[in-house]
J.: 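Once you've had a glance at the structure underneath, I'll fire off some questions.
Keep in mind it's a predicted model, so treat the numbers as computed, not measured.
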There are 2 protein chains.
Amino acid sequence: MTRGPRRATVKDVAALAGVSPKTVSNVMTGTVFVRPDTREKVLAAVEELRFVPNLSARSLRNGRTGVIALALPDLATAFSADMVHRVVQVAHERGMVVLIEETAAEPQREYDLVSRAREHQIDGLILNPIRLKDSIIVHDDQLPPVVLIGEVEQHKVDRVLIDSRQAGYEVTAHLLERGAKRVAAVGGETGAADATATSIQRLDGYNRALRDHGIAPDPALEVYVEEWSMVGGAEAAEELLGRDTGFDAIMAFTDSIAFGAMHVLQEHGLSVPGDVLISGFDDVEHARFMNPSLTTVALDRRAFAEAAVDLLMTRIEDRATPPRAVAIPHELVIRGSTTR
Amino acid sequence: MTRGPRRATVKDVAALAGVSPKTVSNVMTGTVFVRPDTREKVLAAVEELRFVPNLSARSLRNGRTGVIALALPDLATAFSADMVHRVVQVAHERGMVVLIEETAAEPQREYDLVSRAREHQIDGLILNPIRLKDSIIVHDDQLPPVVLIGEVEQHKVDRVLIDSRQAGYEVTAHLLERGAKRVAAVGGETGAADATATSIQRLDGYNRALRDHGIAPDPALEVYVEEWSMVGGAEAAEELLGRDTGFDAIMAFTDSIAFGAMHVLQEHGLSVPGDVLISGFDDVEHARFMNPSLTTVALDRRAFAEAAVDLLMTRIEDRATPPRAVAIPHELVIRGSTTR
DNA sequence: CTGAAAGCGCTAACAC
DNA sequence: GTGTTAGCGCTTTCAG
């Protein structure tokens with residue numbers, strides 16, 4: 001390995017500025033007051049030597065790296081993209097940088113991240129768990145600072161959540177009130193072995209809405225989608241069409257699922273919203289730009305990211321703080337896909 | 001700051017296993033052969049102490065962190081999301097982790113990243129420059145390992161590119177051959193102060209295609225889009241409709257622009273592809289799922305990410321290697337938006 | 001193949 | 001306010 005020219009160190013700067021290394025350190029970190037003229041001398045030396053502090057050394061000393069990790073199941077989804085975008089922005093405002101990890105392809109990685117966080121030299125972790133069972137969190141006695149995002153049922157760890165149960169209720173009720181009689185729920189199944197809290201809660205809201213409107217649930221209207229993507233949504237729609245259930249609305253568990261489903265319906269000559277009403281979840285940017293635009297559940301993702309980062313930073317500061325949960329409010333955004 | 005229990009160190013492991021720290025190190029890094037029984041003893045001690053090596057210390061010693069940065073203008077776009085996804089996957093396969101940075105909101109950051117990479121303790125940087133002028137790269141004598149991605153005109157640095165000029169030619173020709181007479185180019189303008197290499201090349205291909213088909217370019221058909229997003233595309237379409245140019249096709253510089261434009265046209269009661277043909281660039285996943293699906297220029301993004309990561313790793317290994325450019329082939333994918 | 005000692009660059013603790 | 005000393009945890013000499 002070829003290396004560049006040797007870097008200047010605090011010692012070099014100190015020598016040139018005629019001060020001690022500690023003073024250089026004080027100037028660089030800015031935590032202690034330094035007399036202006038000394039400060040100037042140091043800065044001049046820093047400039048001349050193009051001194052850049054070595055963060056590895058600093059981390060080794062003070063135990064903090066200024067790096068947090070964001071671990072999401074699938075980075076290719078619009079929701080993930082937006083989360084990455086927001087978290088990177090917020091973290092940067094707080095003086096931290098963000099390491100990205102993807103967990104869906106390799107479930108073991110989720111566990112690995114939690115248990116070996118320190119190896120990766122991250123100060124903390126924001127995790128959207130999919131396979132992570134409570135046991136992993138609970139059984140590990142020395143967790144790194146972790147914030148869970150999503151609809152996790154887990155009370156020992158900081159988390160940011162939305163009330164998916166209520167949201168699921170609201171969209172379903174909206175579909176029903178717009179005249180739908182046979183609303184399909186497209187996403188996870190409560191019964192599935194890997195049922196996520198998200199699935200369970202959204203489906204629960206859906207079922208309660210049906211009940212409140214005097215409609216009996218029909219298992220044929222519940223479609224399981226393995227991958228919550230457009231491809232998954234498309235497959236689910238084909239499945240649904242094959243079942244011949246006479247559905248007249250789709251309550252999709254994510255916008256991506258809704259997009260995929262809508263595409264297939266339209267390919268089959270069905271009109272949205274003429275023949276079938278469709279709703280999504282997340283309000284990703286595409287929702288506004290589809291044809292028709294998509295009714296969906298929106299949440300303030302900036303607030304979501306801020307809550308996650310801030311919870312994490314508090315936890316990093318004080319590992320003993322009792323776990324907190326922050327709920328981000330949601331809002332039903334009604335658009336063309338449910339407006340005839 | 002509250003801390004967890006003290007972590008085990010190589011020393012502790014060495015003591016428990018009855019060997020020297022160096023042997024522990026040898027076992028952990030796996031670079032040297034260690035006698036199986038010694039190895040076992042060490043591993044047992046590692047297990048018992050739940051020893052996790054401290055990467056800051058390791059970095060401090062060997063100058064490498066195993067972290068690369070990926071800096072993109074806007075993380076919220078589908079193209080970015082997919083790049084993040086791929087780069088994280090490839091990097092992970094190569095044993096590296098990825099730090100994400102966003103540059104558009106704060107152009108200074110681009111310079112900062114290049115010039116202060118070492119401070120951030122990254123081994124190298126994959127950068128999709130937008131504002132970065134050649135001067136910054138050229139003038140800095142001690143660059144960190146950098147790979148530029150996109151259509152950068154820059155021969156002193158490793159880069160991964162696609163032949164946007166040729167691709168621009170091909171889509172435009174396709175539009176023309178499908179009967180369009182008045183093709184609008186929606187993206188950047190060559191004349192704009194911040195014209196990017198991407199704009200220049202795509203527009204150049206567009207102009208050459210027009211010429212080869214005996215059509216005179218019309219400045220009224222060139223629409224500048226500041227933000228290459230759906231919102232930007234929507235605004236551009238409004239602008240184009242306002243200009244009353246009698247356009248019958250849109251060659252959008254990205255899929256997102258195309259989506260935004262298509263939405264507006266359809267809102268105005270125009271049919272795609274009936275009244276207007278539309279094409280995009282990038283082949284993001286949504287392209288297939290729009291209504292109609294979008295004709296676009298596809299490139300193998302997995303190959304793109306692999307090329308970027310591999311160039312970077314080679315550069316990290318040997319700073320003296322002459323700069324290389326890898327071209328990723330593209331392909332015109334014809335879909336509903338140009339099929340009547 | 002394994003051990004001992006030195007030091008990567010920085011800052012916490014303590015002097016002054 | 002600033003200097004001195006020591007050491008964070010690891011790996012690289014260099015011996016053996």
Side-chain angles (χ1 to χ4, degrees), chain A residues 1 3-43 45-46 49-66 116-123, chain B residues 1 3-43 45-46 49-67 116 118-123:
Chain A
M1 171 178 169
R3 311 291 242 76
R6 200 184 74 82
R7 292 173 65 180
T9 72
V10 255
K11 255 185 182 157
D12 302 329
V13 176
L16 182 58
V19 299
S20 84
K22 174 63 192 170
T23 304
V24 175
S25 171
N26 285 342
V27 172
M28 294 311 288
T29 54
T31 45
V32 192
F33 183 82
V34 180
R35 214 187 307 138
D37 55 330
T38 341
R39 202 184 135 72
E40 282 314 317
K41 275 192 301 188
V42 171
L43 257 19
V46 165
L49 265 26
R50 295 150 131 278
F51 169 69
V52 180
N54 181 325
L55 210 74
S56 291
R58 184 179 288 174
S59 307
L60 180 56
R61 201 57 260 229
N62 67 19
R64 298 259 293 260
T65 58
R116 303 175 73 84
R118 321 264 320 242
E119 175 174 19
H120 300 291
Q121 290 313 117
I122 59 178
D123 291 341
Chain B
M1 170 181 171
R3 312 289 242 80
R6 201 184 74 82
R7 294 172 66 182
T9 71
V10 257
K11 254 186 182 156
D12 303 327
V13 176
L16 182 58
V19 299
S20 84
K22 171 64 193 173
T23 305
V24 175
S25 170
N26 285 343
V27 172
M28 295 309 289
T29 54
T31 44
V32 192
F33 182 83
V34 180
R35 216 186 304 138
D37 55 329
T38 335
R39 203 185 135 72
E40 281 315 315
K41 276 192 302 187
V42 171
L43 257 19
V46 165
L49 265 25
R50 295 151 130 278
F51 168 69
V52 180
N54 180 324
L55 209 72
S56 290
R58 185 177 287 175
S59 307
L60 180 57
R61 203 56 261 224
N62 65 21
R64 298 259 293 259
T65 57
V67 179
R116 303 175 73 83
R118 321 266 315 244
E119 175 174 20
H120 299 292
Q121 289 315 116
I122 58 178
D123 291 342

J.: Give the nucleotide from the list D:dC8, C:dG3, C:dC10 with an atom nearest to the side chain of A:Pro53.
T.: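 The answer is C:dC10.
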J.: Look up atom CZ in A:Arg61 and atom CG in A:Asn54, then write down how far apart they are to the nearest 0.5 Å.
T.: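 Taking CZ in A:Arg61 and CG in A:Asn54, the distance rounds to 14.0 Å.
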J.: Taking the minimum atom-to-atom distance to the side chain of B:Val19, which one of C:dT11, C:dG3, C:dT2 wins?
T.: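 In terms of side-chain proximity for B:Val19, the closest of C:dT11, C:dG3, C:dT2 is C:dG3.
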J.: In whole angstrom, what separates B:Arg58's CZ from D:dG9's C1'?
T.: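 Result: 11 Å.
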J.: What is the distance from NZ of B:Lys22 to P of C:dC1, rounded to the nearest Å?
T.: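 After rounding, the gap between these two atoms is 13 Å.
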J.: Rounded off to whole Å, could you give me the CG-to-P distance for the B:Asn54 and D:dG7 pair?
T.: 18 Å
J.: As a test of reading the structure: which of D:dC10, C:dG9, D:dT2 is closest to the side chain of A:Ala57, going by heavy atoms?
T.: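 Output: C:dG9.
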J.: Taking only the side-chain nitrogens and oxygens of A:Arg35, find out if one of them lies under 4.0 Å from OP1 or OP2 of D:dG1.
T.: no
J.: Between B:Asn62 (CG) and D:dT12 (C1'), how many Å, whole number?
T.: 10 Å
J.: Side-chain N or O of A:Thr23 less than 4.0 angstrom from OP1 or OP2 on D:dG3?
T.: yes
J.: Whole angstroms only, please: what is the CD-C1' distance between A:Gln121 and D:dC10?
T.: 11 Å
J.: Look up atom OG in A:Ser56 and atom CZ in B:Arg64, then write down how far apart they are to the nearest 0.5 Å.
T.: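 If I round to the nearest 0.5 Å, the distance is 12.5 Å.
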J.: Within this structure, what is the CE-to-P distance between A:Met28 and C:dG9, rounded to whole angstrom?
T.: 15 Å
J.: For A:Asp123 versus A:Thr65, what's the shortest heavy-atom pair and its separation?
T.: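 So the two residues come closest at OD1-N, 2.9 Å.
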J.: Can you find a heavy atom in the side chain of A:Lys41 that is under 4.5 Å from one in the side chain of A:Asp37?
T.: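 With C-beta onward as the side chain, the pair stays apart.
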J.: What is the distance from CG of B:Asn26 to C1' of D:dC10, rounded to the nearest Å?
T.: 12 Å
J.: When you measure from the side chain of B:Leu60, which nucleotide among C:dT2, D:dG9, C:dC10 comes out closest?
T.: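 My answer, after comparing the listed nucleotides, is D:dG9.
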J.: On DNA chain C, compare the nucleotides closest to B:Asp37 and A:Lys11; which residue's is nearer the 5' end?
T.: B:Asp37
J.: Give a yes/no answer on whether the side chain of A:Thr38 brings an N or O atom under 4.0 Å of OP1 or OP2 in D:dT2.
T.: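 Answer is yes, contact under 4.0 Å.
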J.: Please tell me if A:Thr9 has a side-chain N or O lying less than 4.0 Å from either OP1 or OP2 of C:dG9.
T.: no
J.: Which atom names give the shortest non-hydrogen contact between B:Ala17 and B:Ala45, and what distance separates them?
T.: CB-CB, 3.9 Å
J.: Side chain of B:Ser20: nearest nucleotide among C:dA12, C:dA4, C:dC10?
T.: C:dA4
J.: Heavy atoms only, 4.0 Å cut-off, all strands: where does B:Val32 land among base, sugar-phosphate and nothing?
T.: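 Here B:Val32 touches no strand at all.
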J.: Using a cut-off of 4.0 Å on non-hydrogen atoms, how would the nucleic acid contact of A:Thr29 be classed: base, sugar-phosphate, or nothing?
T.: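 Sugar-phosphate, no base atom in range.
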J.: On the side chain of B:Arg61, is there an atom forming a donor-acceptor pair with the base of C:dG7 - under 3.5 Å, no angle test?
T.: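 Per atom types, the contact qualifies.
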